[in-house]
Peer 1: 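My structure is below; once you've seen it, I'll send some questions.
Numbers restart at 1 for each chain; the letters A, B, ... are given by sequence-line order, proteins then strands.
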Amino acid sequence: MWSALKRLYHQLGSPKWFYEITSRWSPWFLWIGTALTLVGVIWGLAFAPADYLQGNSFRIIYIHVPAALLSQSAYIMMAVAGLVGLVWKMKMSFVVGKTIAPIGASLAVIALVTGAIWGKPTWGTWWVWDARLTSMLILLFLYMGVMAIYNAIESEEMANKAAAVLALVGSINIPIIKYSVEWWNTLHQPATITLTKKPTMAPEMFIPLVLTIIGFYCWFAVWVFARTRNEILWRERRTKWVKSLLSMGANR
Amino acid sequence: MSHLDKQKADNALPSLLSGQDLYCERDDRVLFDGLSFDWHKGQIVRISGANGSGKSTLIRILLGLSASYEGQLFFSGRPMKHATYDFRNALLYLGHQVGIKTSLSPEENLNWLCPQANRSEVYQALEKVGLKGFEDVLASGLSAGQQRRVALARLYLEDKTIWILDEPFTAIDKDGVAQLEQRIIEHAQAGGLVILTTHHQLAVDVEEVALGEFTSSVHATKHHETGEAQ
Amino acid sequence: MFASSSLMALFKRDLLIAFRNRGELLNPLMFFLMVASLFPLAVTPDPKFLGLIAPGIIWVGALLATLLSLDLMFKSDYDDGSLEQIILQPQPTLLFVLVKTLLHWLMAGLPLTLMAPLLGVMLALPEGGYVPLVLSLLLGTPTLSLLGSIGAGLTVGLKKGGMLMPLLILPLYIPVLIFAASSVQAGIDGNTYTGHLAFLGAYLALMLVLAPVASAAALKISIAR
């Protein structure tokens with residue numbers, strides 16, 4: 001078990017291996033993700049019953065919730081990738097961390113925009129300082145900080161390390177930020193309707209949500225793979241295997 | 001005497017500082033590849049090479065300030081990773097920027113840089129580098145050369161085996177150069193190891209490490225020069 | 001023994017430099033004062049309204065003033081090569097970072113804390129707010145210095161570091177801001193605020209352990225450029 005893990009770790013550290021294995025995995029993730037999301041969204045939009053309080057407007061959760069969830073876990077993934085890179089000096093790990101940052105930030109934007117769209121019929125205004133939306137906004141700030149580091153530092157190696165340190169500091173603070181924002185929210189405005197009321201959800205509403213969440217995770221993997229593969233090709237552009245790969249593509 | 005000492009030191013094992021198969025590239029350019037060395041007590045090592053050949057980079061790798069290289073470094077036969085504390089305890093480093101605060105006097109600067117030295121030692125050292133009478137003038141009133149001399153006073157104050165000096169002769173006048181050279185030779189004779197980068201030819205035999213043979217492409221040179229100057 | 005002597009030497013050196021350039025110590029305080037006086041001009045001088053927003057204004061002002069002074073934490077040491085000498089000391093860099101953070105707090109956080117009651121008077125802060133204001137600043141500003149040292153470490157070698165720093169650090173300041181400002185509010189409302197202060201204390205303890213590790217790592221990354 002341990003030796004298998006160790007082997008996998010060393011393989012993951014090799015850009016060539018990563019490139020080859022993800023080119024096999026990507027289609028699977030893409031199709032499974034698309035199928036799950038389609039089923040989930042169609043089910044959720046057309047067949048799930050309307051919410052007794054919010055009517056049909058609640059159906060935006062089939063995009064809002066997966067995006068919000070994924071954006072949060074993406075930050076943790078980015079921090080873990082940074083930690084692996086810093087501690088075990090694994091370069092591939094930095095590449096993955098770097099590719100996650102803009103994806104996670106876009107997911108946070110999607111969550112905020114869908115949240116605002118949802119807010120309009122629910123609260124009658126586009127923006128309310130709801131605890132979850134506020135946390136999401138701060139998460140977006142944290143993402144922007146990490147991306148700003150990548151932009152500001154010219155040396156790629158240094159930028160990767162610096163961003164990893166910041167992502168780690170951010171990930172330690174995320175639970176504290178979330179806790180304090182929630183506490184602040186109950187203090188100032190006891191919300192009548194919270195955005196995601198999990199326990200009271202009917203199964204017909206809940207199952208499609210789970211499907212879209214899994215589907216989004218698959219899409220996320222495809223997205224990360226694609227960006228990482230691009231980055232690998234660029235970094236390894238002078239190696240033999242990339243050159244032969246490119247000439248093969250040109251001959252085809 | 002000095003000859004005997006040197007021989008004794010050369011035979012002593014293990015070497016003080018050694019490198020195995022060092023490889024470093026920057027901006028798509030190989031700075032050195034397969035660089036190995038074995039430096040002993042009593043040696044003076046001169047790292048030479050054109051601008052941009054990676055002299056400062058090698059120095060920073062030796063110091064442990066840069067980790068972007070492959071290969072192995074050893075201090076007293078132990079891998080550097082496990083010997084950092086001892087190495088730094090034995091190290092005196094003077095870089096391009098020497099860490100002199102302009103709002104402090106030379107004496108106050110040395111109080112920080114060499115906390116274990118007492119007042120009369122500091123005064124003696126300052127006298128040796130030609131700063132007698134400047135002990136309590138703010139460093140902002142000193143010339144660039146004089147500010148560097150304040151840092152050079154550390155060479156008389158600290159009891160460290162390994163000296164790593166990056167361009168120590170910069171901005172120093174003729175007399176100062178001769179005196180500094182003398183101090184470097186003394187230190188090597190007393191069993192120290194001096195590693196320096198300079199274009200100045202020293203009056204004694206030195207171990208040469210010439211960088212630059214590995215630079216194959218020229219297109220990046222200009223870019224790198226500006227990088228190194230920082 | 002040696003460790004403490006070189007740490008003490010750094011502490012003494014920086015105190016001496018601060019004393020020589022003591023005019024600069026006033027800058028964050030002046031900034032704090034000016035930010036606070038902008039609000040009555042921009043909103044309304046009505047004491048009732050000012051009293052309502054005073055805790056928030058004072059805390060946001062303290063936060064921004066701290067942020068402004070962070071840039072100086074490692075900058076001059078980086079420029080003149082002292083930072084290399086510090087990192088090349090045999091002792092762990094995080095000890096030196098702790099000394100630097102303590103110095104930053106002594107020169108920014110502590111004076112801001114002492115000056116805050118004056119701003120409270122200017123902004124018609126209700127009576128119950130003064131004690132929690134000073135206590136929350138006393139517990140909160142060291143955390144701001146600690147978190148700030150990470151941002152200062154990450155941006156020390158960058159020319160555009162001054163603009164980058166708020167982006168990196170401000171989101172991390174939010175928990176301190178929330179609990180500190182509401183402790184003042186609780187004091188004004190006559191409620192207990194020990195819970196708020198306990199949170200600030202716990203957060204300070206956590207960051208006292210974690211932040212120096214992160215900023216020492218950040219400094220080593222910055223200096224490897």
Side-chain angles (χ1 to χ4, degrees), chain A residues 75 79 82-83 85-87 89 94 101 105 108 129 131 134-189, chain C residues 56 140 143 146-151 153-183 185-186 189 191 195-196 199-200 202-204 206-207 209-225:
Chain A
Y75 196 93
L83 182 70
L86 284 176
V87 175
K89 315 216 178 321
F94 282 134
W129 289 95
T134 310
S135 294
M136 210 61 215
L137 185 67
I138 298 170
L139 183 68
L140 180 63
F141 291 162
L142 288 172
Y143 271 119
M144 292 196 307
V146 173
M147 285 158 68
I149 282 258
Y150 281 120
N151 287 333
I153 303 180
E154 272 178 44
S155 153
E156 196 177 325
E157 196 187 337
M158 301 312 140
N160 283 338
K161 288 183 183 169
V165 169
L166 186 67
L168 274 170
V169 172
S171 68
I172 290 169
N173 276 282
I174 282 179
I176 302 168
I177 293 173
K178 269 193 85 117
Y179 165 74
S180 37
V181 168
E182 264 158 36
W183 178 84
W184 158 83
N185 196 246
T186 54
L187 195 74
H188 287 277
Q189 43 172 102
Chain C
T143 313
L146 283 163
L147 283 168
S149 75
I150 303 171
L154 286 171
T155 55
V156 69
L158 301 175
K159 289 191 190 78
K160 297 169 282 183
M163 194 54 230
L164 190 58
M165 181 104 68
L167 232 59
L168 308 186
I169 293 305
L170 273 180
L172 303 177
Y173 279 179
I174 288 169
V176 176
L177 181 70
I178 287 176
F179 277 91
S182 54
S183 77
Q185 194 55 53
D189 299 342
N191 298 329
H196 308 74
F199 174 89
L200 290 175
Y203 197 38
L204 171 60
L206 182 70
M207 284 307 135
V209 176
L210 294 180
V213 179
S215 35
L219 280 177
K220 282 177 195 163
I221 291 165
S222 290
I223 207 146
R225 263 190 285 271

Peer 1: Quick one: what part of L210(C) sits under 4.5 Å from any heavy atom of chain A, side chain, backbone, both or neither?
Peer 2: side chain
Peer 1: Distance check, rounded to the nearest 0.5 Å: L166(A) atom CG versus I221(C) atom CD1?
Peer 2: 10.5 Å
Peer 1: Take I176(A) and F199(C), measure what side chain to side chain contact (heavy atoms under 4.5 Å, CB included) needs, and give me the verdict at the end.
Peer 2: CA-CA 10 Å; I176(A) 302 168; F199(C) 174 89; 3.8 Å; yes
Peer 1: In terms of heavy-atom proximity below 4.5 Å to chain A, should L147(C) be classed as side chain, backbone, both, or neither?
Peer 2: side chain
Peer 1: Going by heavy atoms in the side chains, are S180(A) and F179(C) under 4.5 Å from each other?
Peer 2: yes
Peer 1: To the nearest 0.5 angstrom, please state how far the CD1 atom of I178(C) sits from the OG1 atom of T134(A).
Peer 2: 8.5 Å
Peer 1: Please report the interatomic distance CD(E154(A)) to CG(L158(C)), rounded to the nearest 0.5 Å.
Peer 2: 9.5 Å
Peer 1: Please determine whether side chain to side chain contact (heavy atoms under 4.5 Å, CB included) holds for the pair Y173(C) and N173(A), giving the CA-CA distance in whole Å, both sets of side-chain angles, and the decisive distance to 0.1 Å.
Peer 2: CA-CA 10 Å; Y173(C) 279 179; N173(A) 276 282; over 6 Å; no
Peer 1: Which heavy atom of I177(A) sits nearest to which heavy atom of P171(C), and what is that distance?
Peer 2: CD1-O, 3.6 Å
Peer 1: Check L172(C) against G170(A) and note the closest heavy-atom contact, atom names and distance.
Peer 2: CD2-CA, 4.2 Å
Peer 1: What are the two closest heavy atoms between G145(A) and L168(C), and how far apart are they?
Peer 2: O-CD2, 3.2 Å
Peer 1: Go through the atoms of I172(A) and report whether side chain, backbone, both or neither lie under 4.5 Å from a heavy atom of chain C.
Peer 2: side chain
Peer 1: What is the minimum heavy-atom distance between A217(C) and V165(A), and which atoms define it?
Peer 2: CB-CG2, 4.4 Å
